[in-house]
Structure formats: C-alpha cells, structure tokens
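The structure under discussion appears below in the form of structure tokens.
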Amino acid sequence: MSEVVRGRVEEQLIRLRLNSVAARLDAVLSDAARKEPTYLDFLDGLLREELDAKQKRRIAMAVKIAHFPVMKTLEEFDFKFQPSVDGKLVRELATGRFLAQAENVLLFGPPGVGKTHLAIALGRGVIESGFSTLFVTATALLAALARAHAEGHFAEQLAFYAKPKLLIIDELGYLPLERTTAHLFFQLVARRYERGSILLTTNQPVTEWGQVFGDETIAAAILDRLLHHSHTLVIKGESYRLKSKKRAGLLGRDH
Ligand code: ADP
Ligand code: MG
C-alpha cells in the first residue's frame, strides 16, 4: 500500500513540477525517517530544496543565453591589485539595482586591467538577481547591426539587442568605425536610452570617442545618452596579464 502512495506522491510532485524533490524522493524520505524533523521543518526543507534547484537551473539557463566568452566572478577579482576600482560600487552594481532606472555602467581603462572580467562578473551578478543579460563584443555587435542593415532586417536586429535587461558591450574602441556603422550604433543606444541598461567597456577615454566613431556629432550624441544616467569606473592600474610575466623577469619595470 505504501508503495502505491509513494508512486502517487512522485506522480503528483511531477505534475506540480517539483521535479527535484520527485527525483530525490527516496533520499528525502529516508533522511526524514532518520532525522525525524517536525512537520513544519520537513515541509520547509522540502520546499527550500526545490526552490534552490529551480534557482540553479534558471541561473544556468540565463548564463547560457548571456553568451559570456568565459566565466568570471567578483570573488576571483583581486581588488588589491587594482586599487582604482571602487569595490563598493562594483558590489552595489552586482545586485542589479541600477537596472530599475535603466542606468548605464561604463568601464574605462587600458588593456588587461580587468574590464572584461568585471563586465562578466557583473553580468553574472545581475543574472543571479533575476535579470536577463546578453554579452556581446562591440565588434560582433556592430558587424551584426551592419549585416542586418544591409540585408534589410535592421529593425528585428535592433529589437533583439533592445530586449535583454542588461546589454553588455565589450571592447568598444579597439577599431575605429565607419560613419554609417556609428549611426547604427547610435540607434541602438537611443533605443535603449532610459529603457534598458548598457554596460560598456572601452580602452578609449571619452575625448577620443570622436575618433572612434569617425564623427564628433554622433560621438557626442551617443555619449550624451550613455552618460546621462550612468555609473563610471575608470581603471588606471597596470595590466594583470603582464603581472606574472613581469615577475618572471620577462619585462622591464616600465612595461
Ligand atoms: P581587459 O578587458 O581590461 O583588457 P581582462 O578583464 O580581459 O582585461 O583581464 C585580463 C586577464 O586578467 C583575465 O584573465 C582576467 O580574469 C585577469 N584579471 C584582470 N584583472 C584582474 C584582477 N584584478 N584580479 C584577478 N584577475 C584579473
Ligand atoms: Mg577586455
């Protein structure tokens, strides 16, 4: 008889989509038989287990959708090595609260100082807080926009990049843009302005953006919208990539 009930419980758990508990039903039951929790504690543990499993699955799925090139976390970031990074601000941003007002985050700094690392770690934090994120390099983004424009489906492509709660655009400024491409980028920034946050990393100070976009007016229009509601982090330190090389004596002190 108890086998019948057990089978029915499993089936009901599955129908209620409590799949984790359903899969671990025997373990859950024998654990309870051993520990003899109160009814309330038993129910509490059961529900917590299911919620934890659901949260893990949701995060794993959202991380997949985000297309991070690698995984990086804030725990792995050595704030002591890069004292110009405001750790308190970074941890606040990782909560994703800035998304509520569609504020932007701009990370400036030379190569190797951890801009991409922080962008990914913040994206991960935002996902953990329950928001969707998409990571794209500036090069890939601009190529996609230009291609869509040429092929006549720019509106759909724009809608695609307008959708995620946070759009991370990595490494703007490594290549100067064509004016027409700069204008497509402007349209994306204008579309997300006050509606969806952008997290942008760049090796170029704003004074160089005219060069990057090949047009001072477009650069100013883009900057205006990006900076209006924004948090900026200017990283001034040296490259983390070169740190170990320097230790090994491969590079002189000035590099
Ligand atoms: P950037 O995007 O600024 O060029 P990256 O974020 O790609 O630099 O950093 C280069 C490498 O060094 C990455 O592997 C990154 O994880 C690591 N790194 C950079 N800064 C730090 C840091 N402060 N602590 C730990 N690892 C770091
Ligand atoms: Mg980078």
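Side-chain polar atoms of Q101 and H229 form no donor-acceptor pair below 3.5 angstrom. Using modelled atom types, one finds a donor on one side chain and an acceptor on the other under 3.5 Å when comparing Y193 with H228.
Using modelled atom types, one side-chain atom of Q82 and one backbone atom of E238 make a donor-acceptor pair closer than 3.5 Å. Listed for the S30 side chain is a donor-acceptor partner under 3.5 Å among the backbone atoms of D26. No donor-acceptor pair under 3.5 Å is formed between the side chain of W209 and the backbone N or O of A220. The closest donor-acceptor contact from the side chain of R191 to the backbone of G196 lies at 3.5 Å or more, if one exists at all. Using a distance-only test at 3.5 Å, with no hydrogens or angles considered, no donor-acceptor pair links the side chain of S84 to the main chain of I235. A donor-acceptor contact shorter than 3.5 Å links the side chain of T202 to the backbone of L172. Without hydrogens or angle criteria, T133 side chain to A66 main chain gives no donor-acceptor distance under 3.5 Å. Counting only distance, with no hydrogens or angles, the side chain of R192 and the backbone of S197 share a donor-acceptor pair below 3.5 Å. Using a distance-only test at 3.5 Å, with no hydrogens or angles considered, no donor-acceptor pair links the side chain of R97 to the main chain of L93. The main-chain N or O of R91 is never found under 3.5 Å from a side-chain atom of T95 such that the two would form a donor-acceptor pair.
Salt bridge present: D31 and K35 bring a charged side-chain N and a carboxylate O closer than 4.0 Å. Between R147 and E151 there is no salt bridge, since no side-chain N of the basic residue sits under 4.0 Å from a carboxylate O of the acidic one. Using a cutoff of 4.0 Å between basic side-chain nitrogens and carboxylate oxygens, D170 and K115 are not scored as salt-bridged. For the pair E49 and R24, the salt-bridge criterion is met [side-chain N within less than 4.0 Å of a carboxylate O]. Salt bridge present: R124 and E128 bring a charged side-chain N and a carboxylate O closer than 4.0 Å. Taking the charged nitrogens against the carboxylate oxygens, E10 and R6 do have a contact shorter than 4.0 Å, which makes a salt bridge.
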Inset, instruction - Run the numbers on I127 and F68 for side chain to side chain contact (heavy atoms under 4.5 Å, CB included), then give the verdict. - result: CA-CA 12 Å; I127 285 173; F68 297 121; 3.8 Å; yes
Legend entry - Derivation of the side chain to side chain contact (heavy atoms under 4.5 Å, CB included) call for V189 and L226: CA-CA 7 Å; V189 171; L226 283 179; 4.0 Å; yes
Legend entry - Step-by-step side chain to side chain contact (heavy atoms under 4.5 Å, CB included) determination, I59 to V63: CA-CA 6 Å; I59 290 173; V63 163; 4.1 Å; yes
Legend entry - salt bridge (Lys or Arg N to Asp or Glu O under 4.0 Å) between K54 and E50, intermediate numbers included: CA-CA 6 Å; K54 277 198 170 25; E50 189 61 49; 3.1 Å; yes
Inset, instruction - Could you walk me through whether V28 and L46 pass the side chain to side chain contact (heavy atoms under 4.5 Å, CB included) test, one step at a time? - result: CA-CA 8 Å; V28 165; L46 201 73; 3.5 Å; yes
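Residues F79 and F81 keep their aromatic ring centres 6.0 Å or farther apart.
Enclosure of atom CD in E178 is not indicated, since only 12 or fewer non-hydrogen atoms of other residues, nucleotides or ligands lie within 6.0 angstrom. Atom CD of E36 sits in a sparse spot, with 12 or fewer heavy atoms from other residues, nucleotides or ligands closer than 6.0 Å. Counting heavy-atom neighbours within 6.0 Å of H67 NE2, excluding the residue itself, gives a total of 12 or less. Annotation: Q55, atom CD; neighbour count of heavy atoms from other residues, nucleotides and ligands within 6.0 Å is above 12.
F42 pairs by the ring-ring contact (aromatic ring centres under 6.0 Å, His included) definition with nothing, not counting sequence neighbours.
Results of the side-chain contact (heavy atoms from CB on, under 4.5 Å) test with I168 over L200, L134, L199 single out L199 as the only residue that passes.
To the nearest 0.5 Å, atom CD of residue E103 and atom CD of residue E194 are 10.5 Å apart. The distance from the CG atom of L107 to the OG1 atom of T232 is 9.5 Å, given to the nearest 0.5 Å. In this structure, the separation between CG on N104 and CG on L166 is 9.0 Å, given to the nearest 0.5 Å. Expressed to the nearest 0.5 Å, how far CG of L118 lies from CG of L74 amounts to 7.0 Å. In this structure, the separation between CG on L223 and CD on E216 is 10.0 Å, given to the nearest 0.5 Å. Separating the CG atom in L122 from the NE2 atom in H231 is a distance of 11.0 Å, to the nearest 0.5 Å.
For the pair H149/L145, no side-chain contact is recorded, criterion being any heavy-atom separation below 4.5 Å from C-beta on. In this structure, F77 and H117 have side chains that are in contact, with non-hydrogen atoms separated by less than 4.5 Å. The shortest distance between side-chain heavy atoms of V113 and Y240 does not fall below 4.5 Å. Contact annotation: the side chain of N19 never approaches that of L13 to less than 4.5 Å [non-hydrogen atoms, C-beta and beyond]. By the 4.5 Å heavy-atom criterion applied to side chains, V206 and F108 are counted as neighbours. With contacts defined as side-chain heavy-atom distances shorter than 4.5 Å, the pair M61/R58 does not qualify. Taking the side chain as every heavy atom from C-beta outward, F135 and L167 never approach each other to under 4.5 Å. With contacts defined as side-chain heavy-atom distances shorter than 4.5 Å, the pair V9/L25 qualifies.
Residues I120 and Y161 do not share a hydrophobic cluster, clusters being chains of Ile/Leu/Val/Met/Phe/Trp/Tyr side chains in contact below 4.5 Å. A single hydrophobic cluster is not seen to contain both F131 and I65; linkage of ILVMFWY side chains at heavy-atom distances under 4.5 Å, directly or through other members, places them apart. In the hydrophobic cluster analysis, where Ile, Leu, Val, Met, Phe, Trp and Tyr join through side-chain heavy atoms closer than 4.5 angstrom, I198 is grouped apart from V126. Under the 4.5 Å side-chain heavy-atom criterion for ILVMFWY residues, a single connected hydrophobic cluster contains both L141 and F213. Hydrophobic clustering of Ile, Leu, Val, Met, Phe, Trp and Tyr side chains at less than 4.5 Å, counting indirect connections, keeps L175 apart from L177.
Considering all non-hydrogen atoms of both residues, S132 and K165 come closest at OG-N, 3.0 Å. When every heavy atom of A140 is checked against every heavy atom of V136, the shortest pair comes out as CB-CG2, 4.0 Å. Between S239 and P111, the shortest heavy-atom contact is CB-O, 3.6 Å. For the residue pair Q204 and G173, the shortest heavy atom distance occurs at NE2-O, 3.4 Å. When all heavy atoms are compared, the tightest approach of S129 to G96 is OG-N, 4.4 Å.
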